[in-house]
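None of these values were measured; they are calculated from a predicted model. Hydrogens, waters and symmetry mates play no part in the numbers below; they use all other heavy atoms, side chains included.
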Amino acid sequence: MKKLYRYDDSLESFWADKDELACLLKKQQRLLQNYEELAVEQADDEAYVARGNGFCDSKYSPEFLDGQIESMRLHIHQLQQWIDGTEL
């Protein structure tokens, strides 16, 4: 049976059953792994991208990557709690 869920850091809600939560968990884990790899790669060799105003910036700021990684970890934790039935 589907239930309404909402991540703590989001205003959007979604309906899902346990199987769909498990699928979302796997997707979030893959995304987290990708962002962690990107953060390591960028720290080792920052790829600079030219902007229209003549300045160059790294493609993703460390703050952006840290924020994404933290958000995904929160989502993974919440999904795991929902799947285990231990949500508050």
Subject >> Hphob cluster co-occupancy, Leu21 + Leu25, side-chain heavy atoms under 4.5 angstrom >> reply: yes

Original post:
Side-chain heavy atoms under 4.5 angstrom apart, residues restricted to Ile, Leu, Val, Met, Phe, Trp, Tyr: same cluster for Met72 and Phe14?
Top reply: yes

Subject >> Backbone N/O of Asp8 and side chain of Gln78: donor-acceptor pair under 3.5 Å >> reply: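 Looks like yes, one N/O pair under 3.5 Å.
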
Taking all atoms of both residues into account, what is the closest heavy-atom pair of [X] and [Y], and its distance?
| X | Y | result |
| --- | --- | --- |
| Glu12 | Ser10 | N-OG, 3.0 Å |
| Trp15 | Glu20 | O-OE1, 4.1 Å |
| Leu65 | Ala39 | CD1-CA, 3.7 Å |
| Ile83 | Lys18 | O-CE, 2.7 Å |

**OP:** Evaluate the ring planes of His75 and Tyr7, with Trp represented by its six-membered ring, and classify them as parallel (under 30°), tilted (30 to 60°) or perpendicular (over 60°).
**Re:** parallel

**OP:** Using salt bridge (charged side-chain N to carboxylate O under 4.0 Å, His left out) as the criterion, list what pairs up with Glu36, not counting sequence neighbours.
**Re:**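 For Glu36 the salt bridge (charged side-chain N to carboxylate O under 4.0 Å, His left out) partners, ignoring immediate neighbours, are Arg73.
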
Subject >> Side-chain heavy-atom pair Asp17, Lys3 within 4.5 angstrom cut-off >> reply: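 SC-SC contact between Asp17 and Lys3 ruled out.
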
Original post:
How long is the gap from CG on Leu79 to NZ on Lys27, to the nearest 0.5 Å?
Top reply: 11.5 Å

Original post:
About how many Å separate CZ of Arg30 and OH of Tyr35, when rounded to the nearest 0.5 Å?
Top reply: 14.5 Å

Subject >> Identified side-chain contact (heavy atoms from CB on, under 4.5 Å) partner of Ile76 from the options Leu32, Leu24, Leu31 >> reply: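 Among Leu32, Leu24, Leu31, the one that satisfies the side-chain contact (heavy atoms from CB on, under 4.5 Å) with Ile76 is Leu32.
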
